[in-house]
Amino acid sequence: MNSQTLFPTLAPTIEWRDDTLLLLDQTRLPHEIVVEHVTDAAAVWRAIHELRVRGAPAIGVAAAYGLCVAMQDARGLPVAGFRAELERRAAWLDTARPTAVNLSWSLRRMTRRARECNAQDSAALYDALVDEARRIHEEDIALCEGIGEHGMSLIAPGNGVLTHCNAGALATTGLGTATAPIYAAHRAGIAFSVFADETRPLLQGARLTAFELQQAGVDVTLIMDGAAASIMSQGLVDLVIVGTDRVAANGDFANKIGTLGLAIAARHYGIPFYVACPSSTLDFSSATGERIEIEERSGTEVTHLAGQRVAPENIKARNPAFDVTPHELVTGFITERGIVKAPFERSLKSLFAAEGNAA
Ligand code: MRU
């Protein structure tokens with residue numbers, strides 16, 4: 001099941017049609033449904049950098065197709081020249097955003113496929129790249145399904161589930177990651193409710209999660225980020241499920257700014273705190289979360305609301321887009337192969353020995 005099955009009136013998050021990459025522009029949701037036709041490398045980089053396509057798994061899929069787009073004008077080159085250009089353009093696309101490991105994971109898979117492909121000419125190499133991008137896309141849909149199947153057991157009738165940012169269908173090409181157990185439980189007829197944090201400053205929770213859950217008929221209530229701990233203190237939350245941009249080998253993980261505060265509050269109130277994590281988001285090359293690069297975005301996202309300045313002129317502002325939550329605060333990771341409990345160093349590796357973005 002993908003976003004189009006869930007929301008028939010919405011365009012798919014990502015589509016590859018007639019050698020063209022189509023992206024649903026997420027900066028325009030929920031008010032407008034605009035599909036961008038991405039036709040060159042610079043446009044791919046900008047779409048990722050400016051969050052028109054966002055969410056770790058969607059970034060990975062968009063980058064894979066995006067690299068195909070970027071290589072279309074190189075099909076006339078000799079094979080060696082094509083391969084050299086591919087490495088160069090992949091390295092450049094990898095600079096579009098730093099935190100979600102899915103970006104470099106997907107680009108590495110694409111360049112490896114080209115290295116291992118015994119093609120006679122660049123056109124055949126290009127076809128192999130498109131084939132690999134399609135695989136990454138199909139796998140992403142399956143990863144979400146797996147997370148849904150395993151995670152739905154956590155949701156009981158009458159539960160309140162809290163989530164942050166958008167780790168939903170819009171952040172992937174399938175059911176989402178944090179939302180996959182929610183959609184699976186909803187599909188199974190379980191009655192429960194969801195609290196969606198608005199997620200300042202770019203409001204992915206309000207614009208995207210509240211939107212997609214509402215469209216799918218899930219009972220969802222939008223709350224301010226600052227209300228989450230208070231809602232927990234009232235006994236309204238039985239379970240927190242968030243997504244992630246990168247999980248280190250020991251289970252420390254990066255996710256949208258505000259996740260760390262939620263994890264601390266959940267621990268204080270004894271609420272289980274789960275992280276939905278497809279294997280494409282595991283980064284075994286980072287031993288801990290200490291070295292995960294955190295994207296720092298423009299301070300104007302903090303000083304302005306909907307284009308209007310709300311803070312004093314010349315005020316200093318910080319805008320880290322992500323934070324790192326230590327593994328001690330995680331109850332479990334919901335993966336496509338099952339729910340993983342501490343010690344994560346061992347449990348994650350034993351389930352994903354061959355994966356994990358190892359360098
Ligand atoms: O800045 P964004 O909107 O790309 O941040 C997205 C998140 O933090 C998601 O929780 C994460 O990428 C997981 S998406 C399945």
Side-chain angles (χ1 to χ4, degrees), residues 2-3 13-14 23-29 47-63 96-106 139-141 143-148 151 162-183 196-213 225 240-247 253-263 273-283 289 292-298 301 319-325 333-336:
N2 59 23
S3 56
T13 310
I14 296 170
L23 297 177
L24 174 64
D25 183 346
Q26 301 199 27
T27 61
R28 311 280 277 270
L29 289 173
I48 295 173
H49 186 70
E50 294 168 6
L51 275 62
R52 289 200 291 284
V53 60
R54 33 71 47 206
I59 290 172
V61 176
R97 288 189 81 187
T99 306
V101 75
N102 301 60
L103 178 58
S104 48
W105 166 81
S106 143
E139 283 169 22
D140 182 55
I141 296 170
L143 296 182
C144 295
E145 284 287 341
I147 290 172
L162 188 139
T163 191
H164 188 63
C165 192
N166 175 264
L170 291 162
T172 67
T173 54
L175 282 177
T177 62
T179 56
I182 292 172
Y183 288 127
D197 288 350
E198 62 173 347
T199 318
R200 274 280 285 152
L202 297 182
L203 304 176
Q204 290 93 329
R207 295 187 303 101
L208 308 176
T209 304
F211 171 69
E212 64 166 84
L213 291 179
D225 297 332
V240 177
I241 311 179
V242 295
T244 175
D245 288 81
R246 189 184 292 246
V247 178
F253 75 98
N255 192 45
K256 182 53 59 192
I257 192 76
T259 303
L260 172 59
L262 279 183
F273 184 93
Y274 283 91
V275 183
C277 169
S279 51
S280 54
T281 308
L282 291 170
D283 178 12
I292 296 177
E293 187 182 344
I294 298 297
E295 179 181 9
E296 186 85 30
R297 298 181 59 83
S298 163
E301 291 177 355
N319 187 13
F322 299 93
D323 55 27
V324 173
T325 299
F333 289 93
I334 312 169
T335 76
E336 72 271 17

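Just so you know, ligand 1 is whichever comes first in the structure, and atom 1 is the first atom listed for that ligand.
In terms of the side chain to side chain donor-acceptor pair (under 3.5 Å) criterion, T177 has no residue partners (sequence neighbours excluded). Residues meeting the ring-ring contact (aromatic ring centres under 6.0 Å, His included) test with F322, sequence neighbours left out: none. Not a single side chain to side chain donor-acceptor pair (under 3.5 Å) links Q204 to another residue, sequence neighbours left out.
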*Test log, rule salt bridge (charged side-chain N to carboxylate O under 4.0 Å, His left out), inputs R200 and D225*: CA-CA 7 Å; R200 274 280 285 152; D225 297 332; over 6 Å; no
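Each of L51, R54, G55, A56, P57, R97, C165, N166, A167, A171, T177, Q204, T244, D245, N255, K256, F322 has a non-hydrogen atom positioned under 4.0 Å from some atom of ligand 1.
Ring planes of F273 and F253: tilted class, angle from 30 to 60°.
At a cut-off of 3.5 Å, with distance as the only test, no side-chain donor of Q26 or N166 sits close to an acceptor on the other residue.
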